There are 2 protein chains.
Amino acid sequence: MVLLDLIGRRMALRIIWELSRAAEPLTFRELQTAAETNPSVLNSRLRELREARIVERASDGYVLTSEGLSLLSTLWPLQAWADAWAAEAPDP
Amino acid sequence: MVLLDLIGRRMALRIIWELSRAAEPLTFRELQTAAETNPSVLNSRLRELREARIVERASDGYVLTSEGLSLLSTLWPLQAWADAWAAEAPDP
DNA sequence: CGGGATCCCCGACGATACTG
DNA sequence: CAGTATCGTCGGGGATCCCG
């Protein structure tokens, strides 16, 4: 699936997550700091996410589009599933 | 997210998909053919998916667990999102 | 048929330096 | 501060062989 190719990439979800937490647009550097990544990766992800219309540029930084927000909501059940799954995995 | 690490891997979703389409358990070779992959990758994915309790071995092949099926259902909205997204993406 | 063992290759990632 | 360019590294993926 193309979408998983996108959000499965390093930092992609992290970026979406950080943007969703921020009430205001985040600048390139702010995102870099928040997502604990480097310019080249951040730049790649932002380009891809913008092409996918998940993220867009405001005058003062990056924000999620309405599609990005709806994507986030479809991700919720998955998150819940993963949490439930993690809860029962003892492992280390 | 750990889960995305899992299902984002090559052939992971494909395997789940093929198993969900089959009414009966699929053997290793059948899966290999259906998913159009090679033994080493198939083996890796199968091991990971089994550790995650998404897939299990029956006496005559591999099947999805109930958890695997529930995962599949949480994936539906994502699929719908991706479809809607693909529908409006013109690009050549 | 199931599935481990090997070997090679390529691309994503990461760090850093640099320009406007 | 925003974003690009460069380069080395590392690990996953693919193919193939082969044994129980």
Side-chain angles (χ1 to χ4, degrees), chain A residues 1-65 68 71 75 82 91-92, chain B residues 1-65 68 71 82 91:
Chain A
M1 196 191 303
V2 189
L3 181 63
L4 278 178
D5 244 39
L6 192 65
I7 63 176
R9 276 179 157 67
R10 285 276 164 92
M11 291 301 150
L13 268 184
R14 178 70 178 269
I15 290 170
I16 294 176
W17 179 245
E18 297 297 344
L19 285 180
S20 75
R21 292 171 49 92
E24 302 177 355
L26 292 179
T27 66
F28 191 92
R29 301 286 165 171
E30 284 170 342
L31 259 180
Q32 186 185 332
T33 302
E36 299 173 298
T37 186
N38 54 289
S40 60
V41 167
L42 178 58
N43 193 24
S44 307
R45 284 309 90 76
L46 281 177
R47 188 182 324 120
E48 295 160 4
L49 291 174
R50 271 194 288 168
E51 282 172 6
R53 295 279 173 191
I54 292 173
V55 163
E56 68 183 358
R57 264 185 96 137
S59 56
D60 48 353
Y62 293 93
V63 290
L64 290 178
T65 63
L71 170 61
L75 249 25
D91 90 76
Chain B
M1 196 191 302
V2 188
L3 180 63
L4 278 178
D5 244 40
L6 192 65
I7 63 176
R9 276 180 157 67
R10 283 278 164 90
M11 293 298 151
L13 268 184
R14 178 70 178 271
I15 290 170
I16 295 175
W17 179 244
E18 297 296 343
L19 285 180
S20 75
R21 291 170 49 93
E24 302 178 354
L26 292 179
T27 68
F28 191 91
R29 302 285 169 170
E30 285 170 343
L31 258 181
Q32 186 183 334
T33 302
E36 298 173 300
T37 185
N38 54 290
S40 60
V41 168
L42 178 58
N43 193 23
S44 307
R45 282 312 88 78
L46 242 25
R47 188 183 323 122
E48 295 159 3
L49 291 174
R50 271 194 289 169
E51 282 171 8
R53 297 278 170 191
I54 291 172
V55 163
E56 67 183 358
R57 264 185 98 136
S59 56
D60 49 353
Y62 293 94
V63 290
L64 290 178
T65 64
L71 170 60
D91 79 90

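Lettering follows sequence order; numbering is per chain, from 1. None of these values were measured; they are calculated from a predicted model.
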Could I get a table of every N or O pair under 3.5 Å where one atom is in the protein and the other is in nucleotides 4-8 of chain D?
unit_1	atom_1	unit_2	atom_2	d
D:dT4	OP2	A:N43	OD1	2.8
D:dT4	OP2	A:N43	ND2	2.4

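- Whole-Å rounding puts the B:L46 CG to D:dG13 P distance at 14 Å.
- Atom-to-atom, CG of A:L31 to P of D:dA2 comes out at 9 Å; the value is rounded to the nearest Å.
- Rounded to whole Å, the distance from OH on A:Y62 to P on D:dC1 is 14 Å.
- Residues A:A34 and A:R14 come closest through the heavy atom pair O-NH2, 3.0 Å.
- Looking at heavy atoms from C-beta onward, A:F28 lies in side-chain contact with A:L46 at the 4.5 angstrom threshold.
- Residue A:V55 comes nearest to A:T65 through the heavy atom pair C-CG2, 3.8 Å, listed as atom of the first residue, atom of the second, then distance.
- When all heavy atoms of A:P25 and A:E30 are compared, the closest pair comes out as O-OE1, 4.0 Å.
- Closest heavy-atom contact between B:M11 and B:V41: CG-CG1, 4.1 Å.
- B:P39 approaches B:Q32 most closely through the heavy-atom pair CD-NE2, 3.5 Å.
- Of all the heavy atoms in B:E48 and B:L6, the pair that sits closest is CB-CD1, 3.7 Å.
- A:L31 is not listed as a side-chain neighbour of A:T37, based on a closest heavy-atom distance of 4.5 Å or more.
- At whole-Å resolution of the value, CD in A:E30 and C1' in D:dC1 are 10 Å apart.
- Note on B:R45: every side-chain N or O is 4.0 Å or more away from OP1 and OP2 of D:dG12.
- Each of A:R29 and A:R10 was assigned the nucleotide of DNA chain C with the nearest heavy atom; the assignment lying further toward the 5' end belongs to A:R10.
- B:N38 places its CG atom 15 Å from the C1' atom of D:dC18, with the value rounded to the nearest Å.
- Here D:dG3 presents its P atom at 14 Å from CG of A:L49, a figure rounded to the nearest Å.
- Side-chain atoms of B:R9 come within 3.5 Å of backbone atoms of B:D5 as a donor-acceptor pair (strictly under, hydrogens ignored).
- Protein chain A contacts DNA chain C from C:dA12 to C:dT16, reading 5' to 3' and using non-hydrogen atoms of the protein with a distance under 4.0 Å.
- Between A:L26 atom CG and D:dC1 atom P the separation is 14 Å, expressed in whole Å.
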